[in-house]
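Just below is one structure, and these are the notes that go with it.
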2 protein chains.
Amino acid sequence: MSSANKKNEIIKEITTSKETTEIEELLCPIRYLLNIFGGKWKLPIICILSGGTALRYSSIKRKLDDITNVMLSQSLKELEASGLVHREQYNEVPPRVEYTLTEKGKSILPALAQVAKWATENMETETACQTKCSECQKTV
Amino acid sequence: MSSANKKNEIIKEITTSKETTEIEELLCPIRYLLNIFGGKWKLPIICILSGGTALRYSSIKRKLDDITNVMLSQSLKELEASGLVHREQYNEVPPRVEYTLTEKGKSILPALAQVAKWATENMETETACQTKCSECQKTV
DNA sequence: CTGTATCCTTGAGGATACTG
DNA sequence: CAGTATCCTCAAGGATACAG
C-alpha cells in the first residue's frame, strides 16, 4: 500500500469513527448510583446496616471508627432523603436514635453482595492497592 | 416503673450495647471497590468500554463529553494499573491508541449489571436527585 | 447520647495551553 | 490523535468545640 493510500485510509477512519452513538445502557444508571451512593461513607454505612438489626448513631460511628460527626450525620441524612435508611427517634434521656435500612435500602443488598463477591475474589491477588482495611486488618 | 429504675435501665443499656463486634463481611470488599472504582470517572469508563469493542482515547472522551484530558488519561492509567483495562498502542501517524476491558475487567460486568438493574428500577420514582443524565437526557 | 457550628486543609477535578 | 504541563478552584471531608 502506498504511503498516500495509507494516509487516506487513516484519515477516513478518523473522520468516520463516529461509532454508533447508541446509549450505553449501563452508563445512566451508574451515574444515578454515583449520585446516591457516591462519596466516602455512604456505601460503608449501608454495609454496616445490612445486618438487619437497628443500630444507634454511636454504634455506627464506632464501627466506622474514623468517621466524624459531621460526615456521619450528613451521610445518614442524605441516605434518609434517598429513602434508603430509616431514622427512628426515641424521646428518652439521654436521647436514643436508631437507624435501619428501609425496604428500598434492603433491596440493593443482593446486588451489592454480587459486587462484593467479585471484590472478595479479586482482593487477594491485588497488589497495587495498599490501603489497610480497618475492619479485617488485611492490607488489600 | 420508677424514674430511678428507668434511668438505671437506660444506663445499663448504653453501657452494655457493645453489640457483637462481628465483622460485616460486606464492608471490607466494599472498601476495596471504592479504592479501585471510586471517584467520578472510573465506573463510567468501565461502562463505556463494556460494549466489547476497542475504543480510542478520543472516542471515550466524546462519549464522556465533559471529561478533561487530565482526568481521562489519569483514570485510564489507574484502571490499567488495576488490571481492568488494556491499552493497545499502534505506532501510526497520527497516533492511535485503543482501550478494551481485560478479562478481569469484563468479569465485573455481570455484577455491575445487577446494581445497574436495581438503579434502573429505582431511578424512575426518585425525585430527590435532580442531576441531569447527559446520556439519556432524563432528569434522574 | 446525638448531633450542630465553625473553621480549616487537602486533593479531586477543571481550564487552558502546549507537545510529539 | 493522544496525551502532558501548569495553574487554579471548589467542595468534600477533617478537627475541635459545644449544645439539647
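Within every chain, numbering begins at 1; the chains are lettered A, B, ... in the order of the sequence lines, protein sequences first and strands thereafter.
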[X] side chain near [N] phosphate (N/O to OP1/OP2, under 4.0 Å):
X: B/Arg96; N: D/dA2; answer: no
X: B/Tyr99; N: D/dC1; answer: no
X: A/Tyr57; N: C/dT4; answer: no
X: A/Arg56; N: C/dC1; answer: no
X: B/Arg62; N: D/dC1; answer: no

Of the non-hydrogen atoms in B/Ile36 and B/Leu79, which two are nearest, and what is the gap between them?
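Minimum heavy-atom separation between B/Ile36 and B/Leu79: O-CD2, 4.2 Å.
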- Axis bend over the full length of the helix from C/dC1-D/dG20 to C/dG20-D/dC1, computed from five pairs that close each end, to 10 degrees: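 End axes: 50° apart.
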Can you give the donor-acceptor pairs under 3.5 Å from side chains of residues 111-118 of chain A to other protein atoms, not counting sequence neighbours?
unit_1	atom_1	unit_2	atom_2	d
A/Lys117	NZ	A/Glu121	OE2	3.1
A/Trp118	NE1	B/Ser107	OG	2.8

Taking it one step at a time, do A/Lys106 and A/Glu103 satisfy salt bridge (Lys or Arg N to Asp or Glu O under 4.0 Å)?
CA-CA 5 Å; A/Lys106 286 178 196 163; A/Glu103 286 308 310; 3.3 Å; yes
Close N or O pairs between protein and nucleotides 11-14 of chain C (under 3.5 Å):
unit_1	atom_1	unit_2	atom_2	d
C/dG13	OP1	B/Lys40	N	2.9
C/dG14	OP1	B/Lys40	NZ	2.9
C/dG14	OP2	B/Trp41	NE1	3.3

*asked:* In whole Å, I'd like the distance from the CG atom of A/Leu64 to the C1' atom of D/dG13.
replied: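 The answer, rounded to whole Å, is 14 Å.
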Checklist entry - Atom NZ of A/Lys42 and atom C1' of D/dA12: how far apart are they, to the nearest Å? => result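 Result: 11 Å.
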